[in-house]
S.K.: 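The structure under discussion is supplied below as structure tokens; questions concerning it will follow.
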Amino acid sequence: MQPWPRTEEEALAVQDALRSRVVVEDGPALPATVAGLDIAYSADDSRLAAAVVVLNTADLSVADTAVVRGVPAFPYVPGLFAFREVPALLDALDRLTVRPEVLICDGHGLAHPRRFGLAAHLGVLTDLPSFGVGKTRLVGDWEPVGAERGARSALVDAGETVGAVLRTQTGVKPVFVSVGHRIGLDRACALTLRLAPRFRLPETTRVADRACRDHLS
DNA sequence: GCGACAG
DNA sequence: ATCTTGTCGC
């Protein structure tokens with residue numbers, strides 16, 4: 001990556017320059033491999049471990065894992081979250097042996113104030129299909145989601161649908177799915193459901209979460 | 001001025 | 001994100 005932004009103004013300028021590169025076309029309906037990306041931080045926030053885990057979509061078995069240690073590349077600022085995690089995640093992606101067909105990020109894609117959250121950012125930089133599955137909202141409003149697994153409600157911000165609030169398990173809080181790059185919302189939701197046969201979060205996120213925590217000492 | 005605010 | 005005991009529920 002080029003000189004990394006060091007101020008909020010510089011980061012906003014980068015987002016402005018990159019967001020036009022988001023490609024809105026549908027991606028693979030049944031990718032053979034999917035990657036989960038996540039980062040764990042040390043208690044004092046000075047160190048981090050970034051993990052990328054590639055799963056075989058067919059049986060959710062682990063095909064490859066890469067974990068790297070590093071430092072946050074930017075302070076945590078809502079809306080500029082990607083600048084904190086992208087460098088470490090790209091490092092981890094570079095160490096993979098198996099090329100994932102889709103990236104699934106911990107955070108949002110287009111469900112972002114400027115429509116360029118972490119999932120969109122990583123998608124553009126890697127040019128891989130990507131989307132985000134967040135645990136809480138950043139922007140948008142939605143109507144109550146049906147109680148059954150699979151039920152979804154449009155996540156709307158400033159009049160436009162920026163994602164979906166999806167119930168992955170009956171009786172648990174829904175997750176926030178939003179497109180990042182080269183994949184549509186319907187396929188992102190369908191994939192999320194396939195990857196979450198038993199728990200609230202997709203296995204990609206769960207396995208990556210465990211991997212990066214283990215590498216933080 | 002008062003909230004809201006991915007991880 | 002992370003700090004953390006107990007507790008309610010299946």
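Chain identifiers are assigned alphabetically (A, B, ...) following the order of the sequence lines, protein sequences preceding nucleic acid strands; residue numbering begins at 1 within each chain. All values reported here derive from a predicted model rather than from experimental measurement.
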S.K.: Have a look at A/G134 and say if it touches a base, only the backbone sugar-phosphate, or nothing, with a 4.0 Å heavy-atom cut-off.
M.R.: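 The answer is sugar-phosphate, as A/G134 gets under 4.0 Å only of primed atoms, P, OP1 or OP2.
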S.K.: Per the salt bridge (charged side-chain N to carboxylate O under 4.0 Å, His left out) rule, what does the pair list look like for residues 87-110 of chain A, sequence neighbours excluded?
M.R.: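 Non-adjacent pairs meeting salt bridge (charged side-chain N to carboxylate O under 4.0 Å, His left out): A/D106-A/K135.
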S.K.: So, is A/T136 close to the B/dC5 phosphate, meaning a side-chain N or O under 4.0 Å from OP1 or OP2?
M.R.: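 For A/T136, the contact criterion (side-chain N or O under 4.0 Å from OP1 or OP2 of B/dC5) is not met.
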S.K.: Calculate the interatomic distance between A/L216 atom CG and C/dC3 atom P; express it in whole Å.
M.R.: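 Value for this atom pair: 9 Å.
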S.K.: Calculate the interatomic distance between A/L138 atom CG and B/dA4 atom P; express it in whole Å.
M.R.: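 Computing the A/L138:CG to B/dA4:P distance gives 14 Å.
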S.K.: How many Å lie between CZ on A/F74 and P on B/dA6, as a whole number?
M.R.: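 So the CZ-P distance, A/F74 to B/dA6, works out to 16 Å.
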S.K.: Check this one for me: any side-chain N or O of A/K135 less than 4.0 Å away from OP1 or OP2 of B/dA6?
M.R.: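 Looking at the OP1 and OP2 atoms of B/dA6, neither is under 4.0 Å from any side-chain N or O of A/K135.
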S.K.: For the side chain of A/P78, starting at C-beta, report the closest nucleotide among B/dG7, C/dT2, B/dA6.
M.R.: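 Out of B/dG7, C/dT2, B/dA6, the nucleotide with an atom closest to A/P78's side chain is B/dA6.
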S.K.: Please determine if a side-chain N or O atom of A/R213 lies less than 4.0 Å away from the OP1 or OP2 oxygen of C/dT2.
M.R.: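 For C/dT2, OP1/OP2 do have a side-chain N/O of A/R213 under 4.0 Å.
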S.K.: Return the minimal non-hydrogen interatomic distance between A/G146 and A/A151, and the atom names on each side.
M.R.: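 Between these two residues, the closest heavy atoms are O-CB, 3.4 Å.
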S.K.: Measure the distance from CZ on A/F116 to P on B/dA6 and round it to the nearest whole Å.
M.R.: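 After rounding, the gap between these two atoms is 18 Å.
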S.K.: CG of A/D157 versus P of B/dA4: gap in Å, rounded?
M.R.: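 Answer to the nearest Å: 16 Å.
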S.K.: Looking at every strand, decide which applies to A/L80 at a 4.0 Å heavy-atom threshold: base, sugar-phosphate, or nothing.
M.R.: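 The residue A/L80 makes base contact.
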S.K.: How would you label the contact of A/G132 with the nucleic acid (heavy atoms, under 4.0 Å): base, sugar-phosphate, or nothing?
M.R.: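 Result for A/G132 = nothing.
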S.K.: Could you tell me the separation between the OG1 atom of A/T204 and the CG atom of A/D38, rounded to the nearest 0.5 Å?
M.R.: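 A/T204 OG1 to A/D38 CG: 10.0 Å, rounded to 0.5 Å.
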S.K.: Determine if A/F176 stacks with B/dA6; use a centre-to-centre distance below 5.5 Å and an interplanar angle below 30° as the criteria.
M.R.: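 Stack criterion not met.
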S.K.: Please classify the nucleic acid contact of A/A40 as base, sugar-phosphate, or nothing, using heavy-atom distances under 4.0 Å.
M.R.: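 A/A40: backbone/sugar contact only, no base atoms under 4.0 Å.
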S.K.: Reckon A/R137 has a side-chain N or O less than 4.0 Å from the OP1 or OP2 of B/dC5?
M.R.: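 A/R137 to B/dC5 OP1/OP2: side-chain N or O found under 4.0 Å.
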S.K.: Check the orientation of A/F74 and A/F83. Use parallel for under 30°, tilted for 30 to 60°, and perpendicular for over 60°.
M.R.: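 Ring orientation of A/F74 relative to A/F83: tilted.
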S.K.: What integer distance in Å separates A/F83:CZ from B/dG7:P?
M.R.: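 In whole Å, B/dG7 P and A/F83 CZ are 18 Å from each other.
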S.K.: Using whole Å, what does the distance between atom P of nucleotide C/dT2 and atom OH of A/Y76 come to?
M.R.: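 For the pair A/Y76 OH and C/dT2 P, the rounded distance is 13 Å.
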S.K.: Between C1' on B/dA6 and CG on A/D106, what's the gap in Å once rounded to a whole number?
M.R.: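 From A/D106 CG to B/dA6 C1': 9 Å.
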S.K.: Check whether any side-chain heavy atom of A/L193 sits under 4.5 Å from a side-chain heavy atom of A/L166, and report yes or no.
M.R.: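 A side-chain contact under 4.5 Å exists here.
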